[in-house]
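Single-structure report; data block below.
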Amino acid sequence: MDTVDELMAALHACRGAWDAPDRSGDPVDLHDHALQTAALLRRARPSDKELQLAGLVHDIGHLLRPGDDAHHAEVAADAVRGLLGARVAALVRLHVPAKRYLAAVEPARGLSPQSALTLGVQGGPMTREEVADFEADPHAEDAIELRQADDAGKVVGLDAGVMEDWREVLDLVAATTAGERQARV
């Protein structure tokens, strides 16, 4: 996605789109899930706009490639990297490894039925070696926070605002990313 308008159109298209094509997955559509996840991160980390936007766009891969639970994070990261930057893309990519990490280090931690189901196709709980590698990633702590908001952002009927509330933040981060890209050239 090359522009905020294109990304906003995709986010609006998440209304009525689900993480499972047959709607057997999580109880809210991708639109409401995105808003809830981003709102939780805004509340927890009000100054971290990139983390908030990672929460907003983390599952857009389900829209772009329906049914691909194993790779939806990479699809989403690739889709937003050019517009929102490397850190947002890294956090989006890491939200699935963060689930695998938490499943390994906190096995009693509950997952939604859909997240528990997809954990298997995503590699299952991490091995000790994978845990050590994940913990060494500079984005690991933020990815865990994104994952926790992802798990909590599945409440039917919760009002988390409207998608247009995020346009200004998207514009800001996209402009910063474009400026950084220009500075490198």
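If you read the sequence from its start, that first residue is 1, and numbering goes on from there.
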Nearest-0.5 Å distance that lies between atom [atom1] in [X] and atom [atom2] in [Y]:
{"X": "Asp59", "Y": "Asp29", "atom1": "CG", "atom2": "CG", "answer": "11.5 Å"}
{"X": "Ile60", "Y": "Leu7", "atom1": "CD1", "atom2": "CG", "answer": "5.0 Å"}
{"X": "Asp150", "Y": "Ile144", "atom1": "CG", "atom2": "CD1", "answer": "13.5 Å"}
{"X": "Leu158", "Y": "Leu35", "atom1": "CG", "atom2": "CG", "answer": "9.5 Å"}

Parallel, tilted or perpendicular: which fits the ring planes of His62 and His72, with parallel below 30° and perpendicular above 60°? parallel
Tell me the closest heavy-atom pair linking [X] and [Y], and the distance in Å.
{"X": "Leu56", "Y": "Leu170", "value": "CD2-CD1, 4.3 Å"}
{"X": "Val4", "Y": "Ala174", "value": "CG2-CB, 3.8 Å"}
{"X": "Pro66", "Y": "Leu64", "value": "CD-C, 3.7 Å"}
{"X": "Gln122", "Y": "Ala70", "value": "CG-CA, 4.2 Å"}
{"X": "Glu6", "Y": "Thr3", "value": "N-OG1, 3.0 Å"}
{"X": "Ala17", "Y": "Leu63", "value": "CB-CD1, 4.0 Å"}

Any pair with a residue in residues 146-185 that passes ring pair (Phe, Tyr, Trp, His ring centres under 6.0 Å), sequence neighbours left out, goes on the list, sorted by first then second residue, please. none
Tell me, which pairs form a ring pair (Phe, Tyr, Trp, His ring centres under 6.0 Å) where one or both residues lie in residues 113-152, sequence neighbours left out? Tyr101-Phe134
Taking the ring centre of each residue, are His58 and His33 less than 6.0 Å apart? yes
Can you tell if the side chain of [X] reaches within under 4.5 Å of the side chain of [Y], non-hydrogen atoms only?
{"X": "Leu119", "Y": "Leu111", "answer": "yes"}
{"X": "Gln148", "Y": "Arg109", "answer": "yes"}
{"X": "Arg45", "Y": "Leu146", "answer": "no"}

Salt bridge flag under 4.0 Å for residues Asp151 and Lys99: no
Is it true that Lys154 and Asp32 make a salt bridge, defined as a side-chain N closer than 4.0 Å to a carboxylate O? no
Pairs of donor and acceptor atoms involving the side chains of residues 73-84, under 3.5 Å and at least two apart or interchain, shall be tabulated with distances.
unit_1: Asp78; atom_1: OD1; unit_2: Arg81; atom_2: NH1; d: 2.9

Do side-chain atoms of Glu145 reach the backbone of Leu41 as a donor and acceptor pair under 3.5 angstrom? no
Using a 3.5 Å distance criterion without hydrogens, assess whether the side chain of Glu106 forms a donor-acceptor pair with backbone atoms of Ala103. no
Asp142 vs Arg87, test: side chain to side chain contact (heavy atoms under 4.5 Å, CB included). Steps then yes/no. CA-CA 10 Å; Asp142 293 338; Arg87 180 169 177 251; 2.7 Å; yes
If Ile, Leu, Val, Met, Phe, Trp and Tyr residues are connected whenever their side-chain heavy atoms lie under 4.5 Å apart, and connections chain through other members, are [X] and [Y] in the same group?
{"X": "Val105", "Y": "Met126", "answer": "yes"}
{"X": "Val173", "Y": "Val92", "answer": "yes"}
{"X": "Val169", "Y": "Leu51", "answer": "no"}
{"X": "Val96", "Y": "Leu94", "answer": "no"}

Step by step, would you call Glu164 with His12 a side-chain hydrogen bond (donor to acceptor under 3.5 Å, both in side chains)? CA-CA 9 Å; Glu164 285 302 316; His12 282 293; 3.2 Å; yes
Taking side chain to side chain contact (heavy atoms under 4.5 Å, CB included) as the criterion, tell me which of Leu102, Thr37, Leu91 meets it with Arg147. Leu102
Working note: Asp5 + Arg167, criterion side chain to side chain contact (heavy atoms under 4.5 Å, CB included); need CA distance, chi angles, decisive distance, verdict. CA-CA 9 Å; Asp5 286 339; Arg167 180 176 287 277; 2.8 Å; yes
